[in-house]
Amino acid sequence: MEFDALLLSRLQFAFVIAFHILFPAFTIGLAAFLAVCEGLWLKTGNETYKRLYLHWVKIFALAFAMGVVSGVVMSYQFGTNWAVFADKTGSVMGPLLGYEVLTAFFLEATFLGVMLFGWKKVGRGLHFLSTCCVAVGTSISAFWILAANSWMQTPQGFAMDEEGKFYATSWLEVIFNPSFPSRYVHMMLAAFITTAAVILAAGAWQTIRKHDQKPTRWQMRMAAGTLLALMPLQILAGHWSGEVAHHHQPAKVAAMEGWWETKSAQDTVLFAIPDEETRSNKYELAIPGLGNAVMGLPKDEVIQGLNDFDGDHPPVFIVFWAFRIMVGCGLIMLGLGIWGCFKWWRKSIDTPGLFHWIAVPSGMLGFVAVISGWVVTEVGRQPFTVYGYLRTEDSLSPVSAAEVATSLMVFMIVYAIIFTAGVIYMVRIATSGFDDKETDTPEKERRAPGTAMGSVENMSNPENSPAGEGETSNSRENVKKHDGE
């Protein structure tokens, strides 16, 4: 294979975005988890939820910072490697990415400082509001990014001038393009599931290492319940996204399913080695005639095969297997959710065993599924950057292969050092036990006069309570006195 500038530029973008997408996928779900923990703490007064918050917010801060840094690097590539794409689509893509900064990143940046450093500076109500604003900001950020990317998949609401440049004729149609609703739901659920798998893995490792404090036990229950509740919804969202792709990107679906011939009652291919030279599948294991039913189509409806696209279709092997990896990871996480909730019901989830040993490495499955899903989506769009209108080979900057290869090598070295160190540090925090000192509060610290709600300082040291988990009776009376409860 000749490594020309086009291939190297695609590899570089794939490498950078594969790193970047891991952190937003994690922080979206983790921000929601933190908001739930703080809300439950304020609602119940149970110190367990506060300890969960203080433990995981440190990991959130690191992941958020790494996501911002990797995102900035990724955006530069539009000007360096993909300048023609930026020039032709800038009138549409530019405002969408700008809205993401104005409505989401500013919101997150404004309240992130309060969220991370405001425990002893602001009242409990304001701090909880800050956490919720950060969580909402991550969801809004995903909204605009997916709107832009979905427009590239299923473009509408635009026109082109004589120079081939795109400009919007209806922003509502641009934003709410056909693939956006299903892909947004699919991505948000993926973020929550990814975070749940990580939290479950951390709790399982703490249990194996005999660090199973009460927060450990509750985070495992919350994570297992989340997997059980959301994975069926994710399967439905994935099916919805597949139906949309069938109507608007039939070549992508044919590559995902390994369909070469056009016919009705397509098979459901479970395993195969797609061979583009012979235009067939080797070692195929399939269920005959089930393809239409899986796609939700009438059994006599004709479905296009890859041969109908005259070679103008995505790389089949990559898309075919990326799709199966994504589905396989999802099914394993669904099984973990069912297994974990069953053990919870049997009151054995806190006893180290096979479940915990499987849950630990399964903490990576959410990330693997996210990257695999991205490969299906982005490689499945090839050979176009804007599907059906702008080809990838026509989007490239006039750069040499040597220049791209050099920058790609630099990225790989820098990322290997910095991001590996960051990830290792986050793993060490996540898998360590909960520090009882996280909730220590000097008795002399009190809420400042005129504050609407009591601050975190009013919470006593949980070690002073008989159970070591909640507030003392004197502390509760003080909180009631100061807060007017």
Side-chain angles (χ1 to χ4, degrees), residues 5-7 9-10 12-14 16-17 20-21 24 71-105 140-184 186-187 241 244-253 309-310 312-315 319 374-399 404:
L6 175 61
L7 178 59
S9 294
R10 290 178 60 189
Q12 179 173 302
F13 197 85
V16 174
I17 199 174
H20 172 69
I21 198 173
V72 171
V73 173
M74 187 181 69
S75 64
Y76 274 111
Q77 291 183 90
F78 289 118
T80 56
N81 293 16
W82 304 99
V84 178
F85 169 81
D87 178 59
K88 290 184 178 296
T89 65
S91 295
V92 177
M93 297 291 290
L96 294 178
L97 299 179
Y99 296 151
E100 188 265 338
V101 174
L102 292 173
T103 63
F105 188 75
I140 296 175
S141 179
F143 177 94
W144 290 112
I145 296 299
L146 283 169
N149 184 265
S150 297
W151 179 81
M152 295 166 62
Q153 302 282 340
T154 52
Q156 70 171 20
F158 72 94
M160 300 177 69
D161 61 19
E162 61 278 1
E163 297 180 355
K165 295 183 179 181
F166 299 79
Y167 60 91
T169 57
S170 171
W171 282 109
L172 284 178
E173 291 185 5
V174 168
I175 296 169
F176 297 100
N177 57 80
S179 64
F180 170 71
S182 61
R183 296 185 67 233
Y184 182 67
H186 198 43
M187 184 63 209
S241 186
V244 174
H246 169 70
H247 292 292
H248 297 275
Q249 297 176 297
K252 176 190 291 186
V253 174
F309 299 97
D310 298 326
D312 210 16
H313 57 69
V319 176
W374 170 80
V375 170
V376 172
T377 300
E378 300 305 304
V379 178
R381 187 187 58 214
Q382 297 303 317
F384 299 98
T385 47
V386 180
Y387 192 77
Y389 292 92
L390 180 61
R391 299 180 72 90
T392 305
E393 61 187 13
D394 298 326
S395 304
L396 189 66
S397 303
V399 292
V404 181

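What you see is a predicted model; the values in this text were computed from it and never measured.
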Open item on the list: Can you confirm whether more than 12 heavy atoms, excluding those of F13, are under 6.0 Å from its CZ atom?
Closed with: yes
Task: Between CG on residue L102 and CD1 on residue I140, distance to nearest 0.5 Å - done: 12.0 Å
- [ ] For residues D312 and P383, report the shortest heavy-atom separation together with the two atoms involved.
- [x] OD1-CG, 3.1 Å
TODO: Find the distance between CZ (F143) and OH (Y184) and round it off to the nearest 0.5 Å.
DONE: 7.0 Å
Task: Test log, rule side-chain contact (heavy atoms from CB on, under 4.5 Å), inputs L96 and I175 - done: CA-CA 8 Å; L96 294 178; I175 296 169; 3.8 Å; yes
TODO: Could you pull out the closest heavy-atom pair between D394 and V84, with the gap in Å?
DONE: O-CG1, 3.1 Å
Task: Least distance between heavy atoms, V174 atom then A168 atom - done: CG2-CB, 4.1 Å
TODO: State the CG-CH2 distance between L6 and W82, to the nearest 0.5 angstrom.
DONE: 5.5 Å
Task: Backbone of L390 reached by a side-chain donor or acceptor of T385 within 3.5 Å - done: yes
- [ ] Return each pair, listed once, that meets salt bridge (Lys or Arg N to Asp or Glu O under 4.0 Å) where at least one residue sits in residues 73-102; pairs must be two or more places apart or across chains.
- [x] D87-K165
Open item on the list: Quick check: do N149 and R381 have side-chain heavy atoms less than 4.5 Å from each other?
Closed with: yes
Task: Between CZ on residue F85 and CD on residue Q77, distance to nearest 0.5 Å - done: 12.5 Å
Task: Gap separating the OG atom of S141 from the CG atom of L146, nearest 0.5 angstrom - done: 9.0 Å
Name each donor-acceptor pair under 3.5 Å that joins a side chain in residues 153-160 to protein atoms two or more places apart or in another chain, with its distance.
| unit_1 | atom_1 | unit_2 | atom_2 | d |
| --- | --- | --- | --- | --- |
| Q153 | OE1 | Q249 | NE2 | 2.8 |
| Q153 | OE1 | K252 | NZ | 3.0 |
| Q153 | NE2 | T377 | O | 3.3 |
| Q153 | NE2 | E378 | OE2 | 3.2 |
| T154 | OG1 | S150 | O | 3.2 |
| T154 | OG1 | N177 | OD1 | 2.9 |
| T154 | OG1 | S179 | N | 3.2 |
| T154 | OG1 | S179 | OG | 2.8 |
| Q156 | NE2 | E173 | O | 2.9 |
| Q156 | NE2 | F176 | O | 3.4 |

Open item on the list: I need the single residue from F180, Y387, F166 that forms a ring pair (Phe, Tyr, Trp, His ring centres under 6.0 Å) with W151. Which is it?
Closed with: F166
Open item on the list: Could you report the tightest heavy-atom contact between P95 and G90, atom names first, then the distance?
Closed with: CD-O, 3.5 Å
- [ ] Compare every heavy atom of A148 with every heavy atom of L97, then report the nearest pair and how far apart it is.
- [x] CD2-CB, 4.3 Å
Open item on the list: Can you tell me how far apart OG (S395) and CG (N81) are? Round to the nearest 0.5 Å.
Closed with: 12.0 Å
Task: Enclosure of F309 CZ (heavy-atom neighbours >12, cutoff 6.0 Å) - done: yes
- [ ] Without swapping roles, check the side chain of S397 against the backbone of T80 for a donor-acceptor pair under 3.5 Å.
- [x] yes
